[in-house]
J.: 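To start, I am sharing the structure in question, which I have written as structure tokens.
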Amino acid sequence: MAVRQHLYALQKEGLVTYQKQARPMGRPAKLWELTPAADRFFPDRYAELTLGLINSMKEAFGEEGFDRLLEVRTREQIQAYRAIVPRHTSLQQQLEALAAQRTEEGYMAEVTDQADGTFLFAEKHCPICAVATACTALCQMELEIFQAALGDDVSVERIEHILAGDRHCVYLVIST
């Protein structure tokens, strides 16, 4: 009860919000999350540094040179993820390995198997959100990275996107 009272106090200050989620039994659960107003309590400077570096790279190398740098980074990530995603295993095992890696990178990723045989790959946090807002190519390449890491016999589609105002980034993954 004390925690709940504290959450309601934080809500009045605009620091947290919640969404109700239906449960099979009982009342709906409240899923609490921080609002952007709470960011001031968790200061970091990486976003400013990264944005400054991106702008400096664009100035030094031009848009074409910056795009080439992103291509190199994408290729490196694909190679790294292919190394950790086990081949010749089930799609769920591959997604679990990818989720573990992404969680280690700060994305709080999880896999949910759907009744129809598809999977939802959800990232509940985006550690690069401020940078991705300024450089949307990072999000576009992320989809390419997942697709390449999981292989041609899988389809990956982003169905929720934090930058579009959704609560999480969620990908629908289908074995083709």
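No experiment lies behind these values; they were computed from the predicted model shown. Side chains are part of it too, since the values below use all heavy atoms of this structure and drop only hydrogens, waters and symmetry mates.
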J.: Sequence neighbours left out, what pairs pass side-chain hydrogen bond (donor to acceptor under 3.5 Å, both in side chains) with at least one residue falling in residues 77-90?
T.: Gln77-Tyr81, Tyr81-Arg102, Tyr81-Glu105, Ser90-Gln93
J.: Any side-chain heavy atom of Leu95 within less than 4.5 Å of one from Gln92?
T.: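 Heavy-atom side-chain distance check fails, nothing below 4.5 Å.
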J.: Determine whether Leu70 and Cys135 make a side-chain contact, defined as any pair of heavy atoms from C-beta on separated by less than 4.5 Å.
T.: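 Heavy-atom side-chain distance check passes, below 4.5 Å.
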J.: Is there a path of hydrophobic side-chain contacts, each under 4.5 Å between heavy atoms, that joins Leu163 and Val131?
T.: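 They do not share one cluster, since no chain of ILVMFWY contacts under 4.5 Å joins Leu163 to Val131.
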J.: If you look only at pairs with a residue in residues 48-68, which of them pass as a ring pair (Phe, Tyr, Trp, His ring centres under 6.0 Å), with sequence neighbours excluded?
T.: none
J.: Give a yes or no on whether Val111 and Val85 share a hydrophobic cluster (residues Ile, Leu, Val, Met, Phe, Trp, Tyr; joining criterion: side-chain heavy atoms under 4.5 Å apart).
T.: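 Yes; Val85 is reachable from Val111 via cluster members.
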J.: Which residues satisfy the salt bridge (Lys or Arg N to Asp or Glu O under 4.0 Å) test with Glu64, sequence neighbours excluded?
T.: Arg68
J.: Distance-only check: which donor-acceptor pairs under 3.5 Å involve side-chain atoms of residues 1-14, not counting sequence neighbours?
T.:
residue : atom : partner : partner atom : Å
Tyr8    : OH   : Lys30   : NZ           : 2.6

J.: So how far is it from Ile78 CD1 to Thr74 OG1, rounded to the nearest 0.5 Å?
T.: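 OG1 of Thr74 is found 6.5 Å from CD1 of Ile78.
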J.: Just how far is it from atom NZ of Lys58 to atom CG of Leu53, taken to the nearest 0.5 Å?
T.: 12.5 Å
J.: Quick one: which residue pairs count as a ring pair (Phe, Tyr, Trp, His ring centres under 6.0 Å) with a foot in residues 132-152, not counting sequence neighbours?
T.: Phe121-Phe146, Phe146-Tyr171
J.: Restricting to salt bridge (Lys or Arg N to Asp or Glu O under 4.0 Å), what partner residues turn up for Arg73, sequence neighbours left out?
T.: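 With sequence neighbours excluded, Arg73 shows a salt bridge (Lys or Arg N to Asp or Glu O under 4.0 Å) to no residue whatsoever.
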J.: Does Ser155 have any side-chain hydrogen bond (donor to acceptor under 3.5 Å, both in side chains) partners at least two apart in sequence or in another chain, and if so, which?
T.: none
J.: What is the minimum heavy-atom distance between Ile162 and His125, and which atoms define it?
T.: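 Shortest heavy-atom contact: CD1-C, 4.4 Å.
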J.: Rounded to the nearest 0.5 Å, how far apart are CD1 of Ile145 and CZ of Arg75?
T.: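 Taking CD1 in Ile145 and CZ in Arg75, the distance rounds to 12.0 Å.
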J.: In sequence, state the C-alpha distance, the side-chain angles, and the governing distance for Phe119 and Thr112, and then conclude on side chain to side chain contact (heavy atoms under 4.5 Å, CB included).
T.: CA-CA 6 Å; Phe119 295 91; Thr112 307; over 6 Å; no
J.: To the nearest 0.5 angstrom, please state how far the CD atom of Glu59 sits from the CD1 atom of Ile54.
T.: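 Those atoms lie 14.0 Å apart.
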J.: Counting neighbours of CE on Met108 that are heavy atoms of other residues, nucleotides or ligands and sit closer than 6.0 Å, is the number greater than 12?
T.: no
J.: How long is the straight-line distance from SG of Cys129 back to CG of Leu138, given to the nearest 0.5 Å?
T.: 11.0 Å
J.: Is there any salt bridge (Lys or Arg N to Asp or Glu O under 4.0 Å) pair reaching into residues 159-176, and which pairs are they, with sequence neighbours excluded?
T.: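 For residues 159-176: Glu33-Arg167.
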J.: With the side chain counted from C-beta on, respond yes when Thr176 and Val154 share a heavy-atom pair under 4.5 Å apart, and no when they do not.
T.: no
J.: For the atom pair OG1 (Thr103) and CD (Glu96), what is the distance rounded to the nearest 0.5 Å?
T.: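 With rounding to 0.5 Å, OG1 (Thr103) is 9.5 Å from CD (Glu96).
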J.: Does any pair with a residue in residues 148-159 pass salt bridge (Lys or Arg N to Asp or Glu O under 4.0 Å), and if so which ones, sequence neighbours excluded?
T.: Glu142-Arg158
J.: Check for a donor-acceptor pair, side chain of Gln147 on one end and backbone N or O of Val156 on the other, with a separation under 3.5 Å.
T.: yes
J.: Is there side-chain contact between Thr118 and Val173, with heavy atoms separated by less than 4.5 Å?
T.: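 When only atoms from C-beta onward are counted, Val173 and Thr118 do not touch, as no gap falls below 4.5 Å.
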J.: Quick one: closest heavy-atom pair of Pro86 and Ala97, and the distance?
T.: CD-CB, 3.5 Å
J.: Output all residues satisfying side-chain hydrogen bond (donor to acceptor under 3.5 Å, both in side chains) with Arg23, sequence neighbours left out; order by chain, then residue number.
T.: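 For Arg23, the residues satisfying side-chain hydrogen bond (donor to acceptor under 3.5 Å, both in side chains) (neighbours in sequence not counted) are Gln21.
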J.: Which heavy atom of Pro28 sits nearest to which heavy atom of Lys20, and what is that distance?
T.: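 Result for this residue pair: CB-CB, 4.2 Å.
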J.: State, to 0.1 Å, how close Leu51 and Ala134 come at their nearest heavy-atom pair, and which atoms those are.
T.: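 Nearest pair, atom of Leu51 first, then Ala134: CD2-CB, 3.3 Å.
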J.: Would a hydrophobic clustering, with Ile, Leu, Val, Met, Phe, Trp and Tyr connected at side-chain separations under 4.5 Å, put Phe41 with Tyr18?
T.: yes
J.: Linking directly or through intermediates, with side-chain heavy atoms under 4.5 Å: list the remaining ILVMFWY members grouped with Val170, chain and number order.
T.: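 Taking Ile, Leu, Val, Met, Phe, Trp and Tyr as members, Val170 shares its hydrophobic cluster with Leu120, Ile159, Leu172, Ile174.
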J.: With sequence neighbours left out, what residues match Lys124 under side-chain hydrogen bond (donor to acceptor under 3.5 Å, both in side chains)?
T.: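 Per chain and number, Lys124 pairs via side-chain hydrogen bond (donor to acceptor under 3.5 Å, both in side chains) with Glu110.
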J.: Can you confirm whether Leu34 sits close enough to Leu15 that some side-chain heavy atom of one is under 4.5 Å from a side-chain heavy atom of the other?
T.: no
